[in-house]
Amino acid sequence: MSRYNAKTVEEKWQRIWDERETFRVDDDAAGERYYVLEMFPYPSGRIHMGHVRNYTLGDVVARYKRARGCAVLHPMGWDAFGLPAENAARERGVHPRDWTYANIAAMRTELQRMGLSLDWSRELATCHPGYYRHQQELILDLLDGGLLYRRAAEVNWDPVDETVLANEQVIDGRGWRSGALVEKRKLEQWFCRITDFNDELLEALEGLERWPDRVRNMQRNWIGRSVGARLRFALAGRDPDDGTGIEVFTTRPDTLFGASFIALAPDHPLALEVAAQDPAALAFVEECRRSSTAEAALQTQEKRGFDTGLKARHVFAGAGWAHGDLPVYIANFVLMGYGTGAIFGCPAHDQRDLDFARAYGLPVRQVVQGGDGGPGGIADEAYVDDSDAARIVNSGFLDRLTVPAAKEAVIARLEQLGCGTGAVTYRLRDWLISRQRYWGCPIPVVHCPSCGLVPVPRADLPVALPEDVQFDQPGNPLDTHPTWKHVPCPSCGTAAQRETDTCDTFVDSSWYFARFCAPRAAQPLPREIVDAWLPVDQYIGGIEHAILHLLYARFFMKALKRVGRIAVDEPFAGLFTQGMVCHETYRAAGGGWLSPDEVVRNPDGTLVAQSDGQPVTAGRSEKMSKSKRNTVDPGAIIEQYGADTARWFMLSDSPPERDLEWTEDGVAGAWRFTQRLWRLLGETLALLNAAEGGRDADGPDPDAIEDAALSGWATELRRGTHRAIASVSATVEIFHFNKAVAEIHSFANLLGGVKPAGAMAPADAAVLRRALEVLALLIGPMMPHLAEEMWAQLGHDSLLADQSWPIAEQRFLAQDQVTIGVQVAGKLRATLTVDKDQDQDSLREAALANDNVRRAIGDRAVRKVIVVPNRIINVVV
RNA sequence: GCGGGCGUGGCGGAACUGGUAGACGCGCCGGACUCAAAAUCCGGUUCUGGUGACAGAGUGUCGGUUCGACUCCGACCGCCCGCACCA
């Protein structure tokens, strides 16, 4: 048998799978439905190693579940709208549509070379009118249901990408794609009412048991529920009922008697009112605006404030409050975007308030004491204990209550006085979905001067993007297009204008997984079909979408359920977040980054640049990125070694949830193993051909043969085969693919060690043949092409992809003998190989009779002997 | 500051519910085949001492529980990730 030619073999099987539509699944397919999905790619033009890892993991699951008899839905599509296409249009004059579809074609070819078990008949691209017309219909649903609305708001404006961004897309004050400092602008924008689902999104996280805790925590954090009270302080000298009071939110109403000031956010309406009359206040407010949004290092910023001269009357002024009115400050550490944009300051029990009080000489009143008496006083550190153990002091009717009890008592009194109530606040804001860009799904609405906002009638969908657009001027091409936006009002017929904003692409990806269930249906989401396939059983992708995509998609399903589109409300029952693909980094003598193929390793281990022979410093392994130049092109790897080798390496070294370091040695090792399996196949087939009846695919059932009728090696091999089945199945089930790889290595070692002397009996040959078949079946999900080729070489006309997963039989897993350790005083001194389940007394005797054990005991007296059957013996001295 | 994760040979990593630490792979060392090299095959490989059988040490650090701890408990150190003047 010649050397394994991955290229021709892989092309052959890819063609056969394609011709036979092996991985196509219909809605009425037999077997339990199982939906495997990897996060669909943005069509940048080339696949990268992160994709290879993602789709390899998904493909192992898909092929395994398929072998287990499931009707597996495993589709692929394109997250095809987005800014890079427009940038390409600006830079190269190519139409975003042409650029996108060319990229899709290139990436589809690359993906197909990976040999993924995808149902390509379901392929979709979000930029296709056949997709986004349905999205427009869903948007109208949300609009009708009050879950999409338009309002003016302070929003994040990315000056480089010239569009607004959602809160989730602003990281450390910068746009997530452009990296530009985000500006605040007051604009009319479209929002999804995600905050309507605060509690639903939060509570349902509990039920997502097959999600990583990390992701659930991140979402919990992002939603940011906090429980406390909302209360209103009247301004001294003004009518308490004229609405001029200051409303604050607090999670510590129990510390109300420790209040010593009120602080307003610089953007608070009352702060602005003051600033309108007082130039000094205005200067302070403007200063805060300049520093606050830009700086990421807010925690080091000094607490600063401006005394407005206003005084607030304490809510318990007539109910036990023994001090005067509270001064009202504008403070740089209070945020307008959270709670009510105003706080009451309790310096003794909040660090920020304490810092502020010390800076402005405000009173510090301790009202909480620890169970042990607590601190004797408050110095530089606030006392923040809010546990059951702490007690309230110096607080009138609250004295001696625990913190939780005091919270309740305060809320009850506030409600009785009519100046406050228990309240819950969330960090999550409504999702801003409108973008001032061309390459996105148009929001199907018309602005009519007389009727206002008018939805485009459903019969008129899609609102298609115009083809003839110019990118030679700044701004939104839809807005500057000469004719597109000018339409009659669908309602009254007078001249009106289309909405020129398009959707955030995260809207596109919030329901694509549902559309995959019926990608060509005339309606967006045919209920019976979608409800039958959803939720996705196993979703696989990177951790970077922990909040953005995964939260939006969850919201979208819940919203669609509320408007009656579907019955399912959690999109992903199981989520797996894979680690990143990393590579060592290299720096040239001049300091610039070098790519791995620009670096040569000398025999002595030193690194030099290929170009000039100058020394190169190797840096730490980091996520593959263009900027660090430490990427490896999957296309080149597949060309050189084949897809199976690339897939095998992706699975072999690291557990999938951890980062994987790509090394040339590692790939070479995977390649050697591929070749080794091929040689193993050839050698074993030669043995079988030489044996009587061994060639026969319809020979005796190897599992039905009595042990006595087999050679010793065949008995062992049969056991080993079943052990391999058991361990690979168990590890694949729980995503421990690196362990499955190790088990397959061991099994191949066992099989490769079979060297029968002389001619083989038919019974032995049947066992050997079966072992080889099982090897092919076990590598099937991981190295599908080689597995398929092995299956064919074993004389089968059927496809390995259509075979059932092998079953491990218990009777072959049981061991007759076990090797157990013997410890003396906890240290291993000997091992004994004994019959399984041997009785304790004879084990104890055998252990104590052992020379090594006796020497280790020496002249010490044996106090006790612990015997754990089939495990260990410990002699206690 | 809050939340989560991780620390095991030269390296990636195994070790089931507390029971023989280092499976499997990479690398390295030695050998076989070869005129030679590549490829392949065989053997070795936690560290220290010993030719050896063996002995001692060893899972970030310190302490505890236990006949027995990588695993459980307490305190700490280091690294990574997410969120963050969130009231």
Side-chain angles (χ1 to χ4, degrees), chain A residues 3 171-172 212-222 224-226 228 248-252 255 263 265 292 296-303 331-335 337-346 349-353 355-356 384 425-427 543-544 546-547 621 648-649 652-655 657-661 663-670 672-673 675-676 679 727 730-731 736 738-749 752 819-832 851-852 855-856 863-877:
Chain A
R3 208 167 148 84
I171 295 151
D172 291 337
D213 287 342
R214 183 147 88 110
V215 176
R216 292 198 288 177
N217 271 322
M218 284 164 77
Q219 294 214 352
R220 219 171 267 137
N221 235 322
W222 191 262
R225 182 177 199 263
S226 45
V248 306
F249 174 75
T250 178
T251 55
R252 295 294 305 271
T255 64
S292 66
L298 287 167
Q299 65 272 43
T300 56
Q301 196 172 297
E302 229 177 289
K303 304 279 174 290
N332 66 345
F333 68 96
V334 181
L335 306 174
Y338 186 78
T340 60
I343 61 161
F344 81 84
C346 176
H349 306 293
D350 183 289
Q351 192 59 46
R352 292 155 305 178
D353 296 348
D355 294 345
F356 190 80
V384 293
T425 299
Y426 300 86
R427 209 183 84 101
I543 187 74
E544 67 273 18
I547 293 173
S621 185
W648 187 254
F649 176 61
S652 54
D653 260 9
S654 297
E657 69 278 9
R658 274 199 232 173
D659 288 354
L660 169 96
E661 178 160 7
T663 61
E664 325 308 317
D665 283 341
V667 189
R672 277 200 299 277
F673 186 66
Q675 292 292 347
R676 181 153 173 249
R679 277 195 309 276
S727 51
T731 47
H736 290 186
N738 55 323
K739 285 190 239 169
V741 164
E743 298 293 350
I744 289 171
H745 268 286
S746 298
F747 181 44
N749 287 342
T819 303
I820 62 176
V822 183
Q823 298 178 333
V824 177
K827 272 184 192 297
L828 185 73
R829 296 299 176 177
T831 54
L832 300 176
D851 284 347
N852 279 350
R855 194 166 20 174
R863 289 201 288 150
K864 191 156 77 163
V865 179
I866 308 246
V867 179
V868 183
N870 302 329
R871 279 271 163 87
I872 203 160
I873 300 168
N874 192 4
V875 180
V876 185
V877 290

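Here is the naming used below: chain letters follow the sequence lines, and residue numbers restart at 1 for every chain.
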- Spacing between Tyr338(A) atom OH and C86(B) atom P, to the nearest angstrom: 9 Å
- Query: Are any non-hydrogen side-chain atoms of Ile343(A) and Tyr338(A) less than 4.5 angstrom apart?
  - Reply: no
- What nucleotide among A57(B), A87(B), C83(B) has an atom nearest to a side-chain atom of Lys827(A)? A57(B)
- Taking every heavy atom of Phe249(A) against every heavy atom of Gly339(A), the minimum-distance pair comes out as CB-CA, 4.3 Å
- For atom CD1 of Ile543(A) and atom C1' of C6(B), their distance in whole Å: 14 Å
- C1' atom, C80(B) versus A23(B): distance in rounded Å? 27 Å
- Message: How many whole angstroms separate atom CG of Asp665(A) from atom P of C24(B)?
- Response: 20 Å
- Task: For Val875(A) and for His745(A), locate the closest nucleotide of RNA chain B by heavy-atom distance; then report the residue assigned to the nucleotide nearer the 5' terminus.
- Result: His745(A)
- Heavy-atom side-chain contact between Phe344(A) and Asp353(A) under 4.5 Å: no
- Message: Distance check needed: A23(B) C1' versus Ile744(A) CD1, whole Å only.
- Response: 15 Å
- Determine the interplanar angle of the His745(A) and Phe673(A) rings, folded into 0 to 90°, and report it as parallel if under 30°, tilted if 30 to 60°, perpendicular if over 60°. tilted
- Message: Below the 4.0 Å mark, does C86(B) have OP1 or OP2 next to a side-chain nitrogen or oxygen of Arg352(A)?
- Response: yes
- With C1' as the reference atom in both, quote the distance from A84(B) to A75(B) in angstrom, rounded to an integer. 27 Å
- Message: Just the rounded figure in Å: distance from P of G56(B) to CG of Asn852(A).
- Response: 11 Å
- Item | Where Leu828(A) and Gly821(A) come nearest, the two heavy atoms and their spacing | CD1-CA, 3.8 Å
- Note on the structure: Rounded to whole Å, CD of Glu664(A) lies from C1' of C11(B) at a distance of 15 Å
- Message: Once you apply a heavy-atom cut-off of 4.0 Å, does Asp353(A) come out as touching a base, just sugar-phosphate, or nothing?
- Response: nothing
- Query: Mind checking the P distance from C70(B) to G60(B)? Whole angstroms is fine.
  - Reply: 10 Å
- Message: For nucleotides 12-20 of chain B, give me one character per nucleotide, 5' to 3': B if any protein heavy atom sits under 4.0 Å from the base, S if the only such contacts are to the sugar-phosphate, - if neither.
- Response: SSSSB--BB
- Watson-Crick or G-U stems of RNA chain B, 3 or more pairs, under 3.5 Å, by first number: B:1-7 with B:77-83, B:10-12 with B:24-26, B:27-32 with B:40-45, B:46-49 with B:54-57, B:60-64 with B:72-76
- Could you tell me whether Arg829(A) contacts a base, only the sugar-phosphate backbone, or nothing, with contacts defined as non-hydrogen atoms closer than 4.0 Å? sugar-phosphate
- Query: What is the distance from atom OG1 of Thr819(A) to atom CG of Leu832(A), rounded to the nearest 0.5 Å?
  - Reply: 9.0 Å
- Query: What do the steps show when you test Arg863(A) against Val876(A) for side-chain contact (heavy atoms from CB on, under 4.5 Å), and what is the final call?
  - Reply: CA-CA 6 Å; Arg863(A) 289 201 288 150; Val876(A) 185; 4.0 Å; yes
- Looking only at heavy atoms, what is the nearest atom pair of Asn221(A) and Arg427(A), with distance? O-NE, 3.7 Å
- Looking across every strand, which nucleic acid part, if any, lies under 4.0 Å from Asn221(A) by heavy atom: base, sugar-phosphate, or nothing? base
- Inter-nucleotide C1' distance (G9(B), G5(B)), Å rounded: 24 Å
- Item | Separation of atom CZ in Arg855(A) from atom P in C54(B), rounded to whole Å | 7 Å
- C1' atom, U51(B) versus U59(B): distance in rounded Å? 31 Å
- side-chain contact (heavy atoms from CB on, under 4.5 Å) between Ile872(A) and Gln823(A), worked out: CA-CA 8 Å; Ile872(A) 203 160; Gln823(A) 298 178 333; 3.5 Å; yes
- Judged by atom type as modelled, is there a donor-acceptor pair below 3.5 Å linking the side chain of Asn738(A) to the main-chain atoms of Ser654(A)? no
- Just checking Val865(A): base, sugar-phosphate only, or nothing, at a heavy-atom cut-off of under 4.0 Å? nothing
- Item | Distance in Å, Asn749(A) CG paired with Ile744(A) CD1, rounded so as to fall on 0.5 Å steps | 12.0 Å
- Anti versus syn assignment for G9(B), with syn defined as within 90° of 0: syn
- Message: Please give the distance between the P atoms of G78(B) and G44(B) as a whole number of Å.
- Response: 42 Å
- Of Ser226(A) and Glu743(A), whose closest RNA chain B nucleotide lies nearer the 5' terminus? Glu743(A)
- Message: I want to check one thing: is the phosphate of G4(B), taken as OP1 and OP2, less than 4.0 Å away from some side-chain N or O of Arg220(A)?
- Response: no
- Message: If I take atom CD in residue Gln219(A) and atom P in nucleotide C83(B), what distance separates them, rounded to the nearest angstrom?
- Response: 13 Å
- Using a 4.0 Å heavy-atom cut-off across all strands, classify Asp355(A) as base, sugar-phosphate, or nothing. nothing
Can you pull every protein N or O that's under 3.5 Å from an N or O on nucleotides 38-44 of chain B?
from: U40(B); atom 1: O3'; to: Arg679(A); atom 2: NH2; distance (Å): 3.2
from: C41(B); atom 1: OP1; to: Arg679(A); atom 2: NH2; distance (Å): 3.4

- Task: Begin from the C-alpha positions of Ile543(A) and Arg214(A) and carry the test side-chain contact (heavy atoms from CB on, under 4.5 Å) through to its verdict.
- Result: CA-CA 9 Å; Ile543(A) 187 74; Arg214(A) 183 147 88 110; 3.5 Å; yes
- Query: Given the C1' atoms of U61(B) and A55(B), what is the spacing between them in whole Å?
  - Reply: 27 Å
- Message: Say we look at G31(B) and A36(B): how far apart would their P atoms be, to the nearest angstrom?
- Response: 14 Å
- Considering only NZ, NE, NH1 and NH2 on the basic side and carboxylate oxygens on the acidic side, decide whether Asp213(A) and Arg216(A) come within less than 4.0 Å. yes
- Taking atom types as modelled, find out whether Asn852(A) and Arg855(A) have a side-chain donor-acceptor pair closer than 3.5 angstrom. yes
